[in-house]
Number of protein chains: 2
Amino acid sequence: MPSPIVITNNIRKLRFFANEMTQQELAEKAGASRQTIIAIEAGKYSPSLEMAFRIADAFGVSITEVFAHEVKEK
Amino acid sequence: MPSPIVITNNIRKLRFFANEMTQQELAEKAGASRQTIIAIEAGKYSPSLEMAFRIADAFGVSITEVFAHEVKEK
DNA sequence: ACAATATGTACAATATACTTGACATTTTGT
DNA sequence: ACAAAATGTCAAGTATATTGTACATATTGT
């Protein structure tokens with residue numbers, strides 16, 4: 001049984017730091033749909049590694065500055 | 001059109017650094033199937049962010065030490 | 001040479017991410 | 001109060017990751 005993992009993100013904070021970037025703008029920069037940004041930002045599901053890199057690139061930061069994870073010990 | 005991204009990894013190198021860890025062992029530590037490890041290590045597809053974190057954890061390193069990416073400019 | 005272990009391939013089935021489109025709610029500015 | 005922009009939700013469809021099974025090839029040790 002894989003120990004479940006909880007992935008968190010600070011997309012919201014990063015958007016505000018980045019001159020109040022809107023979800024729409026982020027979506028365009030990251031090459032994703034707005035729905036995808038909403039869902040990931042809200043933590044509804046975790047992105048693919050590719051999408052994670054794209055989002056980090058959109059902000060010009062490392063992927064580790066956008067996403068963090070905790071291991072839920074069994 | 002989202003600019004395509006190429007994701008590379010050094011799972012193979014990390015396995016050998018990590019006391020010759022086998023794909024099977026890595027799969028168990030990361031909570032994945034052996035198929036998944038083979039496919040990701042061979043670059044057949046890029047993993048989910050969750051799986052990427054699990055693999056990094058299995059080696060005890062940061063996700064950025066396992067995966068890198070290049071942006072294929074259009 | 002043989003057995004055991006490790007790695008690789010192929011395929012179908014399932015789970016999850018991502019998309020599009022349409023509509024509801026909230027926030028912001030005038 | 002009103003309009004516009006931003007955020008959020010729902011659902012159906014497509015794309016991609018992950019799994020299990022089974023078999024093939026390579027590597028290692030005796």
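Chain identifiers are assigned alphabetically (A, B, ...) following the order of the sequence lines, protein sequences preceding nucleic acid strands; residue numbering begins at 1 within each chain. The figures here come from the full heavy-atom set of this structure, side chains too, leaving out hydrogens, waters and symmetry mates.
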Got [X] and [Y] here, is their nearest side-chain heavy-atom distance under 4.5 Å?
X     : Y     : result
B:I63 : B:L49 : yes
A:R15 : A:L26 : yes
A:M51 : A:I55 : yes
A:P47 : A:F67 : yes

Which whole-number value in Å describes the distance from [X] [atom1] to [N] [atom2]?
X     : N      : atom1 : atom2 : value
B:R15 : C:dT5  : CZ    : P     : 17 Å
A:E28 : D:dA6  : CD    : P     : 11 Å
B:I38 : C:dT5  : CD1   : P     : 17 Å
A:Q24 : C:dT20 : CD    : P     : 11 Å
A:E41 : D:dT7  : CD    : P     : 8 Å
A:E25 : D:dA5  : CD    : C1'   : 11 Å

- [ ] Could you tell me the separation between the CZ atom of A:F53 and the CD atom of B:E70, rounded to the nearest 0.5 Å?
- [x]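 With rounding to 0.5 Å, CZ (A:F53) is 11.0 Å from CD (B:E70).
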Task: Donor-acceptor contact present, side-chain A:E25 to main-chain A:T22, <3.5 Å - done: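 Yes: the side chain of A:E25 pairs with the backbone of A:T22.
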TODO: Mark up nucleotides 15-30 of chain D, 5' to 3', with B wherever a protein heavy atom is under 4.0 angstrom from a base atom, S wherever such an atom reaches only the sugar-phosphate, and - elsewhere.
DONE: --SBBBBB--------
Open item on the list: On the nucleotide D:dG8, are OP1 or OP2 found under 4.0 Å from the side-chain N or O atoms that A:R12 carries?
Closed with: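 For A:R12, the contact criterion (side-chain N or O under 4.0 Å from OP1 or OP2 of D:dG8) is met.
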Task: Identity of whatever pairs with D:dT30 - Watson-Crick or G-U, under 3.5 angstrom - done: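 Per the H-bond distance test, C:dA1.
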